[in-house]
Amino acid sequence: MKIGLFVCHCGFNIAAVLDIEKIMEHFKTKDDIVVLDDSYLCSDSGIKTLQETIQEENIDRVVIAACTFKLHGSMFRDALEEIGIHKDLVVFANIREQNSWVHRYETKLATQKAIEQIEAMVEYVKLVEPTVRAKVPVTQRALVIGGGIAGIHASLSIADAGFEVILVERESTVGGHMALFDKTFPTLDCSICILGPIMKEVNDHPNITLLTLSEVVDVDGFIGNFKVKVKSKPKYVDEEKCVGCFDICADACPVEIPGRFFPIKAIDVKFPQAVPLIPVIDQDYCTGCGACEIACDREAIIYEDTEKMRVFDIGAIIVATGFKDFDPTGLREYSYDDNPDVITALEMERMLNPDGPTKGKVVVPSTGLAPKEIAFALCVGSRNKNINREYCSGVCCLYSIKHAILIKERTPEVNITIYYNDIRANTKGGEEFYNRAREDYGIKFVKGALSMVQPSNKNSPVKILAENTLEHEMVERECDLVVLATGQDPPEGTDTLAKILNVSKDQYGFLLESHLKIRPSQSTLKGVYLAGCIQGPKDIPQSITQAESAAAKIISILNKDELEIDVVKAQLDESKCDLCRLCLDVCDFQAIKIEDKKITLNSANCTGCGACTAMCPSGALYIPGFSNQQINAQIHSFMSTKSQKPMIIAFLCNWCSYSGADLAGTSKIQYPTNARVIHVMCSAMVNPAWVVKALLSGADGVLIAGCYEQDCHYKTGFKKTKDRFESIIEILNELDIDLDRVKLESVSAAEGKKFAEIIDSFSKELAKK
Amino acid sequence: MTLKIDFGFRKQFKTYKFSLNYCYQCGTCSGGCPVAKLTNGDYNPRKIIEACILGLKEKLTTLLEPNVWQCSTCQKCVEYCPQGVELTEIFDHVKNLCVEAGNYPQAYKAQGEAIREKGSAIPMSNAIIKRRERLGLPVMKTASHSEIQTLLRETGFIKKMESI
Amino acid sequence: MTDDVSNKMAYSFYLGCVIPNRYPMVERATRTVLDELGAELRDMKGATCCPAPGVFRSFDIPTWLVIGGRNLTIAEDNQADVVTMCNGCYGTLLEVEHALKHEEKKRNYVNEHLQKVGRKFKGSIHVKHLAEVLYYDIGLKKIQDVAIHDLGLKVAVHYGCHLLKPSAIRPWDGESEEPRFFDELVEALGCESVDYRDKMMCCGAGGGVRSAVKEVSLDFTRHKLEEIRKVGADCIVNMCPFCMLQLDLGQVEVNGVFKDIIGEPYNIPVFYYTQLLGLSMGLNPIDLGLIKQHDLKGVPPFTSQEPALRKIFKKLGYNYDELVEQAKNKK
């Protein structure tokens with residue numbers, strides 16, 4: 001066995017903090033190890049050197065000390081597979097995200113930590129037994145969830161490439177928010193003129209199955225082989241018979257659904273350009289009076305319509321569920337809920353729309369008259385730490401300028417003032433648009449947030465307070481209309497959808513991309529992609545760009561007949577099994593059965609969480625790569641030096657906590673150098689014996705970190721961890737070990753800061769002992 | 001007039017309340033401040049924060065521009081600041097430095113003396129003593145003089161009061 | 001923790017400076033009412049000024065923490081949570097408590113000093129405002145039950161800033177712009193809580209404004225009084241002696257300073273909540289300290305409460321002038 005150790009400088013990212021020379025010196029002297037460093041291992045020349053060295057030196061196992069394996073891991077493995085190194089035999093020491101980036105000022109300790117990280121991987125790789133990698137067929141059909149501008153573009157791109165697409169839309173029509181707008185910035189094209197034709201194309205495309213009023217309720221399987229269950233709500237209208245003359249039934253309907261700016265009937269289309277152009281009955285409001293049934297000469301009304309459930313085989317998924325307009329009700333300073341003349345931008349969009357409730361006329365809601373003085377408040381529900389929305393909405397500057405221009409074009413005599421913090425016109429043509437608003441339209445811009453909106457006591461219904469911070473002038477002004485430029489929130493139901501899909505969310509509840517720069521449209525789960533605002537606030541061009549990039553990624557998957565996948569599934573060493581049956585209860589996936597006095601595993605059902613392996617007292621059950629022997633080798637390696645006190649062994653789950661620790665790195669959040677990470681697939685696979693072993697062999701503390709219970713990748717994994725943690729406590733009690741030396745935490749993939757804080761505070765607590 | 005940047009002062013503030021760093025000068029505080037409104041912007045909480053960020057110690061503590069003592073501590077700014085800047089606490093710190101520069105409302109010194117002597121900020125008058133008696137209320141006792149003296153001496157408060 | 005060691009309805013009664021030395025009748029009314037409601041009040045022996053945020057917090061934050069911490073240790077000796085009648089004291093004591101409980105550095109600093117006088121802050125008590133005790137501990141329901149007489153007044157409620165803010169460490173569910181609890185307490189007395197503009201505005205006394213720029217401070221008060229007069233309130237009800245001083249004494253001052261712009265002088269009675277609660281509970285106005293004896297000069301209230309009291313007494317069947325006579329004889 002000959003091990004190749006390759007240490008990457010990553011330019012200054014690693015080399016400016018870690019003493020690479022010292023690391024090289026340390027390993028140079030060891031038998032059977034060939035060491036090499038390179039300034040950028042991931043570069044073309046780096047890979048080439050890597051390949052050549054391996055071939056020249058007859059290396060058969062590889063440790064790469066570089067960035068997190070989540071970033072370039074598969075790239076390195078693919079490159080080495082080309083020269084005959086099995087993927088399992090290439091392992092990674094994370095000396096960037098989990099070392100140099102988080103210990104910037106601790107060269108000495110960080111270098112020592114890197115040596116220990118590498119040493120543990122060297123010991124580990126010696127014990128790796130290559131598994132047979134599975135190839136699975138790919139179902140050549142995509143699922144797109146959400147039929148807004150992003151979902152539409154993604155669907156069309158995939159369908160045009162010749163693949164089947166199931167497009168699932170929650171509303172009765174596709175089009176999303178964009179269909180509600182009149183014009184788009186900065187070009188002022190008519191929104192529905194751009195969107196309308198492609199909405200229709202989606203409906204007519206032979207490769208696209210459009211399911212409206214439908215939601216994804218369950219997803220099972222993995223990349224190439226998802227099974228997706230879609231629930232379609234009853235429409236109570238026969239789509240075959242209905243010809244879309246929606247005003248006949250809607251006119252007959254006596255029930256109006258309340259809503260300041262979206263008044264529709266209990267049977268109606270959402271807007272006249274709806275696709276499909278089929279009115280639906282809203283069961284919450286329909287009184288069953290029968291008026292529409294009488295009115296409809298096509299006999300298309302079916303009161304006894306029922307919910308439908310369909311299951312599809314899907315190869316890859318795009319989530320394009322968009323955003324929800326921020327609800328300003330909670331922000332009392334704007335009096336939105338008790339003042340009809342304070343409206344949101346989306347309500348302004350409807351007023352400006354020729355098909356909207358005022359037929360395109362801007363009016364003061366309380367009087368119905370034309371406004372004379374309008375104020376726009378920007379950054380409502382964004383750039384606000386108090387309500388956990390630190391992010392810039394990215395659109396409210398430009399859409400407010402758009403509104404102001406459109407209003408001015410229709411009623412030039414109205415006074416418009418935009419109260420802003422910073423004008424961020426950061427899109428092609430944005431700055432020019434801003435300048436035009438000032439030069440050609442006389443729209444006033446005041447730098448200063450709109451502090452307060454108060455009901456006024458004079459004739460004008462609203463008074464606003466602000467400071468013009470450039471002029472150092474206190475502003476107290478009466479307006480007849482205040483527009484709140486609201487930001488974007490994750491859409492309702494995202495929590496549930498994230499759970500169904502098994503993907504992570506960011507700290508605001510948007511879905512998390514796999515890597516902000518190099519995998520911006522991939523979610524945290526292979527085969528699931530993100531497009532549009534569901535990944536974070538965006539404007540229309542950005543949404544479309546991402547939709548097309550997600551579509552391209554999916555096309556490349558669907559183009560393959562089969563895919564090679566990582567199989568992390570439980571294995572059984574029958575010789576060790578003494579049939580204690582403990583594993584049977586802990587498995588929630590019917591993957592373990594007992595037949596003929598023998599344990600049998602159902603690999604198809606096994607999710608690879610490893611909860612059973614942690615229960616197995618004899619070590620008969622194991623997950624390849626995470627066997628007792630392989631984990632113990634890492635513990636032993638870390639403890640053989642024990643260079644720091646207190647020393648913490650941290651078991652981090654693959655999906656949330658390990659990514660959270662990586663995020664602390666990318667965010668450069670500094671924390672102490674005294675934690676040594678052991679990567680596990682799920683916190684539930686952490687065997688109490690490992691914890692005890694770590695403590696007895698000298699670790700001062702053990703951290704087990706996993707997903708939040710409700711977000712667990714394996715559904716019930718963290719719950720099992722919690723239960724098991726109690727037995728760990730019992731064991732420690734028996735062994736008379738201080739219980740404060742173990743800690744169980746949830747750290748999501750978005751919680752880099754939390755991870756750093758935990759290491760920091762845990763170290764402090766342990767230092768006191 | 002030239003304004004001097006006091007880098008030590010700036011650093012002290014940014015570490016005292018890190019939230020200062022989040023201010024992006026939107027003016028939510030000043031726009032809604034009742035004192036700013038009544039003084040037509042003479043008093044302006046945003047400008048105090050701005051001066052702290054910039055390190056303009058002299059402007060704040062000697063020139064009193066704006067005069068931090070005009071803050072009514074109503075905390076409205078703290079409630080509405082979108083960035084969670086702890087304005088009132090930062091102002092307390094500014095006031096501490098104003099005191100060192102000898103700029104503070106004179107009435108406070110007398111109050112400070114009263115507390116040092118009697119433990120109460122407001123002196124007891126004969127009329128009130130009589131009133132309390134008729135209302136059947138217990139006689140007000142002053143707090144342990146030596147205890148208060150010890151604490152005020154140890155924290156350096158007495159010295160501070162004497163030096164100004 | 002307090003629940004283990006002390007009776008739930010026992011409180012360390014923190015008087016502060018303004019109430020005992022300016023508004024003793026408020027202390028009288030509060031003691032009487034709380035006694036009737038079954039709350040035990042333990043005096044805080046040796047307590048000092050909270051200390052006042054003006055002179056202490058703004059002079060020297062560390063000293064403010066130490067003196068505030070000392071007061072809290074007295075309540076710990078009493079083994080009972082603090083109840084205070086003053087928004088200012090509430091602000092100081094609660095914020096000191098919060099700092100000492102959550103910031104190790106500050107707690108160590110304070111205890112280092114307290115040790116020199118044989119004291120230590122343990123963190124075993126919690127500071128409450130009287131409004132919190134009435135609304136949550138005793139409970140709105142009980143107040144509604146014991147308030148048997150409808151007083152029938154139109155009341156302008158003044159909450160005061162520090163009762164509500166910073167809302168993150170106040171018990172009112174983060175509400176600071178449109179709270180209801182005080183209005184509900186007033187409504188329990190058969191009064192109407194009238195809405196008025198800028199209801200949540202500061203009284204004008206806070207911080208250094210009154211000392212630094214008195215005219216601005218009184219301009220606040222004028223603004224509030226004007227808005228209150230506009231809606232035709234019979235009286236103002238508040239739960240802070242500092243606000244009370246500003247609205248009561250300040251009213252006299254406003255009538256002087258702004259006489260050219262206000263038209264008629266203001267004459268709006270100002271009450272502390274427990275004074276009205278006592279009347280609604282059927283307690284004797286004299287026992288509540290509500291009848292001012294005319295031989296006492298220079299003591300509050302400065303703005304006569306007589307118009308509102310006459311209105312109430314008419315409803316409750318007391319004779320105002322007889323009560324004044326009775327009070328005279330009660331020397």
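Quantities reported herein were computed from a predicted structural model and do not represent experimental measurements. Lettering of chains follows the sequences in order, A, B, ..., and the numbering in each one begins at 1.
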Over 12 foreign heavy atoms within 6.0 Å of NZ, A:Lys753: no

Heavy-atom pair with the smallest gap, counting every atom of A:Met452 and B:Gly32: CG-CA, 4.3 Å

Beyond-backbone contact of B:Lys37 with A:Glu467, side-chain heavy atoms, under 4.5 angstrom: no

Greater than 12 external heavy atoms within 6.0 Å of A:Lys372's NZ: no

Pairwise distance SG(B:Cys26) to CG(A:Leu378) - rounded to 0.5 angstrom: 11.5 Å

Contacting moiety of A:Glu476, where chain B heavy atoms sit under 4.5 Å: side chain

Distance (rounded to the nearest 0.5 Å) between A:Asn421 CG and B:Tyr24 OH: 4.5 Å

Validation row: B:Arg46, A:His472 side chains within 4.5 angstrom (heavy atoms): yes

Pick from B:Cys33, B:Cys29, B:Ser30, B:Pro82 with the largest number of heavy-atom pairs that fall under 4.5 Å of chain A: B:Pro82

Most contacts with chain B, counted as non-hydrogen pairs under 4.5 angstrom, among A:Glu473, A:Glu333, A:Lys447, A:Glu390: A:Glu333

A:Lys385 to B:Gln83 - nearest heavy-atom pair and separation: N-OE1, 3.3 Å

Heavy atoms of other groups near A:Glu492 CD, more than 12 under 6.0 Å: no

Whether over 12 other heavy atoms sit under 6.0 Å from B:Lys159 NZ: no

A:Arg383 versus chain B, the contacting section by heavy-atom distance below 4.5 Å: both

B:Lys4 atom NZ, over 12 foreign heavy atoms within 6.0 Å: no

For the student: nearest non-hydrogen atoms of A:Ser451 and B:Thr28, plus distance: OG-O, 2.9 Å

Heavy atoms of other groups near A:Asn426 CG, more than 12 under 6.0 Å: no

Flag if over 12 foreign heavy atoms under 6.0 Å of CG, A:Asn388: yes

Structural part of B:Cys81 lying under 4.5 Å from a heavy atom of chain A: backbone

Polar side-chain atom of A:Asn386 near backbone of B:Tyr80 as donor-acceptor pair, under 3.5 Å: no

